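Take a look at the structure set out below.
All values reported here derive from a predicted model rather than from experimental measurement. Reminder, nothing fancy here: chain letters follow the sequence lines and each chain counts from 1.
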Protein chains: 2
Amino acid sequence: MSTKIWVVFANGSLSGYRKRLNQKTQHKSVFNVSRVQSAEQHEVLEFSDSADEQLIIDRVFRAVMEQRLAPGTKLNESVLCKTFGVGRMRVRRALLLLANQGIVDLQSNRGAFVACPDPREANEVFEARMHLEPSLVRQVALEIDAAGVKILKDHIAQEISAQSRTDRTELIRLSGEFHVKIATVTGNTVLHKVMRELVTRTSLIVGLFGSTLHTCCPDDEHEQIFRAIERRDPDASADLIREHLQHIQRSLNLAMPKMDEPDLVSILRGG
Amino acid sequence: MSTKIWVVFANGSLSGYRKRLNQKTQHKSVFNVSRVQSAEQHEVLEFSDSADEQLIIDRVFRAVMEQRLAPGTKLNESVLCKTFGVGRMRVRRALLLLANQGIVDLQSNRGAFVACPDPREANEVFEARMHLEPSLVRQVALEIDAAGVKILKDHIAQEISAQSRTDRTELIRLSGEFHVKIATVTGNTVLHKVMRELVTRTSLIVGLFGSTLHTCCPDDEHEQIFRAIERRDPDASADLIREHLQHIQRSLNLAMPKMDEPDLVSILRGG
DNA sequence: TTGACATTTATTGTTAACAATGTTTCCGTG
DNA sequence: CACGGAAACATTGTTAACAATAAATGTCAA
């Protein structure tokens with residue numbers, strides 16, 4: 001739940017609180033209040049209330065990226081409540097945010113479902129990534145420092161390990177996360193968020209339209225990209241990631257219709 | 001509020017509903033139910049419940065883009081409720097989504113405030129735009145059709161008109177929206193959403209750090225970009241928009257600290 | 001058995017009351 | 001008057017009950 005630590009400037013304001021705090025010290029803690037009276041600055045450290053909310057989001061994110069939550073799966077509110085041991089409000093807020101990011105589809109009075117991107121949306125996501133990632137990786141190749149190289153190197157090692165263990169789930173997750181980490185090493189949180197969203201939606205798409213296992217983890221392309229970055233070669237990096245994205249996109253079978261109501265009807269009628 | 005029209009396949013399922021509908025026909029309407037009994041496909045047309053919710057979001061978006069909502073402004077829940085004539089839930093959901101898009105800062109137990117991006121975040125937003133927009137505008141220059149050209153041409157006309165009328169608010173809004181419209185003409189909804197978010201955050205940034213009026217509407221750069229697009233010149237388009245973004249970014253005074261608590265304290269202590 | 005209709009159940013959407021917190025005001029004392 | 005303290009007030013966060021809807025089940029007649 002919530003834990004707050006008050007460190008309060010001695011100009012009033014705490015007085016009223018301390019009384020309330022002493023009344024019910026269940027989930028509140030005040031440390032060294034007397035000592036702190038002499039502190040100079042009002043400061044509040046808050047261990048965010050929304051931690052469990054973010055947990056739900058992360059779990060769904062991860063499950064989608066690992067393709068363990070199939071598109072179309074219904075996300076029942078009460079089930080989520082029990083699973084995470086939180087109230088309905090938290091679950092609904094998490095679902096709203098997930099819907100806002102295109103990961104789940106929120107249908108009025110029917111509930112939340114893991115999104116089923118259609119081919120058009122799939123192409124849109126890839127188009128967006130094709131705009132963003134070459135330029136991004138170019139910058140990374142130019143500016144990356146030793147710490148960044150290590151992050152990517154470790155990641156590649158993990159991928160190789162998962163590949164040798166034929167750990168499919170882990171490999172799928174790592175495969176997507178590689179692209180997120182490229183954004184991470186720039187230190188740009190805005191880019192990080194955008195990439196995370198696009199990559200997760202890509203996972204959905206690959207899960208829906210990916211014909212072969214090969215689709216999500218094409219050979220050692222990630223390693224090649226890393227090597228180009230490592231030797232600070234922006235042009236090669238950009239070219240490689242462009243090809244990489246094209247390979248994934250081309251390996252999709254976008255003609256395959258998803259199991260959607262209208263399609264089902266037309267199929268049955270045709271038979 | 002909500003209005004639904006049921007058109008139901010005659011295989012049951014409606015029966016129970018019609019009873020309820022007849023009981024209270026206040027905000028529900030059923031048209032031609034008898035005729036529809038012979039229809040073949042179950043279909044639900046829903047006039048989204050979340051329309052008013054989206055309205056709140058759009059209004060805040062617009063107010064921020066027009067810089068009429070200053071960064072730091074508190075967005076009181078009850079005020080918003082009265083303003084839009086909706087319940088608290090809707091307002092809170094809207095605020096949550098706005099926070100998720102970085103437009104609003106949601107502080108626990110204190111409320112929602114128009115975001116105050118710091119210089120670091122400002123640079124991140126510009127960096128993200130510098131990655132995205134040149135590539136985007138290049139594609140637009142290559143693929144745009146007559147309808148797209150008209151959209152942009154009309155927009156430029158509007159900008160010129162607002163400039164001649166010295167309608168500052170309108171000019172600020174149009175100035176941001178030009179970039180969104182470039183994404184719009186691609187027809188890519190994913191890109192559109194990303195651009196909309198980045199541009200709105202830019203408006204916040206310009207409002208905070210823009211030293212001069214000139215910052216937000218630099219000469220006729222938009223018109224030049226449009227002309228490059230119109231003559232299908234991808235290289236020139238990309239170069240121009242890159243310069244354009246750099247001009248805006250350079251005109252910012254990022255050294256100027258915002259009126260934030262920690263800064264205020266340090267200022268007072270130093271004096 | 002099937003199809004129209006009614007009923008029941010499960011799930012989601014909304015609201016309002018309550019709890020917790022932040023903010024302001026006020027009061028007495030030195 | 002400055003200051004600490006306490007209460008009053010305003011606002012936000014949470015919960016639980018209720019309303020509305022969807023989905024499932026049951027009934028009965030042709």
Side-chain angles (χ1 to χ4, degrees), chain A residues 1-4 6 8-28 30 33-34 37-38 42 44 46 48-50 52-53 74-82 86-93 95-96 99 104-113 261, chain B residues 1-4 6 8-28 30 33-34 37-38 42 44 46 48-50 52-53 74-82 86-93 95-96 99 104-113 261:
Chain A
M1 310 305 175
S2 163
T3 304
K4 276 194 180 183
W6 273 280
V8 182
F9 183 30
N11 70 344
S13 297
L14 178 62
S15 54
Y17 304 136
R18 189 161 51 181
K19 180 187 170 193
R20 287 204 291 243
L21 291 171
N22 289 339
Q23 281 174 353
K24 38 185 123 175
T25 44
Q26 283 181 327
H27 55 307
K28 302 289 172 202
V30 179
V33 169
S34 56
Q37 294 285 349
S38 63
H42 172 110
V44 176
E46 179 170 350
S48 170
D49 264 309
S50 61
D52 38 353
E53 192 173 305
K74 170 149 189 184
L75 301 175
N76 187 297
E77 283 187 9
S78 54
V79 172
L80 292 179
C81 289
K82 287 167 195 159
V86 299
R88 208 147 76 92
M89 197 191 63
R90 290 287 165 79
V91 167
R92 302 191 101 235
R93 289 223 313 228
L95 289 175
L96 183 64
V104 311
D105 186 18
L106 226 47
Q107 294 182 29
S108 181
N109 283 320
R110 283 191 16 94
F113 304 83
E261 292 89 352
Chain B
M1 311 305 176
S2 164
T3 305
K4 275 195 180 183
W6 274 283
V8 182
F9 183 30
N11 70 345
S13 296
L14 177 62
S15 54
Y17 303 137
R18 188 160 52 182
K19 180 185 169 193
R20 286 205 293 246
L21 292 171
N22 290 338
Q23 281 175 353
K24 39 185 120 174
T25 44
Q26 284 181 327
H27 55 309
K28 302 287 169 204
V30 179
V33 170
S34 57
Q37 294 286 347
S38 62
H42 172 110
V44 176
E46 178 170 349
S48 168
D49 263 309
S50 61
D52 38 351
E53 195 172 304
K74 170 152 191 184
L75 300 175
N76 188 298
E77 283 186 9
S78 54
V79 172
L80 292 178
C81 289
K82 288 169 194 158
V86 299
R88 208 147 76 92
M89 199 192 62
R90 291 287 163 80
V91 168
R92 302 191 102 236
R93 290 222 314 228
L95 289 176
L96 183 63
V104 158
D105 186 17
L106 225 48
Q107 295 181 30
S108 180
N109 283 318
R110 284 191 16 95
F113 303 83
E261 292 89 351

Which nucleotide, C:dT11, D:dG13, D:dT14, lies nearest any side-chain atom of A:Met89? D:dT14
Separation of D:dT11 atom P from B:Leu106 atom CG, nearest Å, is 16 Å
Rounded to whole Å, please give me the gap between CZ in A:Phe113 and P in C:dT11. 12 Å
Within the structure, does a side-chain N or O atom of A:Asn76 lie under 4.0 Å from either OP1 or OP2 of C:dA10? no
Ignoring hydrogens and geometry beyond distance, is the side chain of B:Arg88 in donor-acceptor contact with the base of D:dG13 at under 3.5 Å? yes
Can you figure out which of D:dT14, C:dG22, C:dT12 approaches the side chain of A:Arg93 most closely? D:dT14
To the side chain of B:Arg92, which of D:dT11, C:dG13, D:dT14 is closest? D:dT14
Where do B:Gln107 and B:Phe113 come nearest, in terms of heavy atoms and distance? NE2-CD1, 3.8 Å
A:Arg90 CZ to D:dG13 P: how many Å, rounded? 10 Å
Separation of C:dT11 atom C1' from A:Leu75 atom CG, nearest Å, is 14 Å
Can you tell me how far SG of A:Cys81 sits from CZ of A:Arg90, rounded to the nearest 0.5 angstrom? 11.5 Å
Rounded distance in Å - CD (B:Glu77) to P (C:dG22): 15 Å
Taking atom P of C:dG22 as reference, at what distance in whole Å does atom CD of B:Gln107 sit? 11 Å
For B:Glu53 and C:dG13, what is the distance between atoms CD and C1' respectively, to the nearest whole Å? 12 Å
Kindly write out the residues that satisfy side chain to side chain contact (heavy atoms under 4.5 Å, CB included) with B:Arg93, not counting sequence neighbours, or none if the list is empty. A:Arg92, A:Leu96, B:Glu53, B:Met89
For A:Ala112, all residues meeting side chain to side chain contact (heavy atoms under 4.5 Å, CB included), sequence neighbours excluded: A:Leu75, A:Leu95, A:Leu106
Find the distance B:Asp105:CG to D:dT12:C1' and express it as a whole number of Å. 15 Å
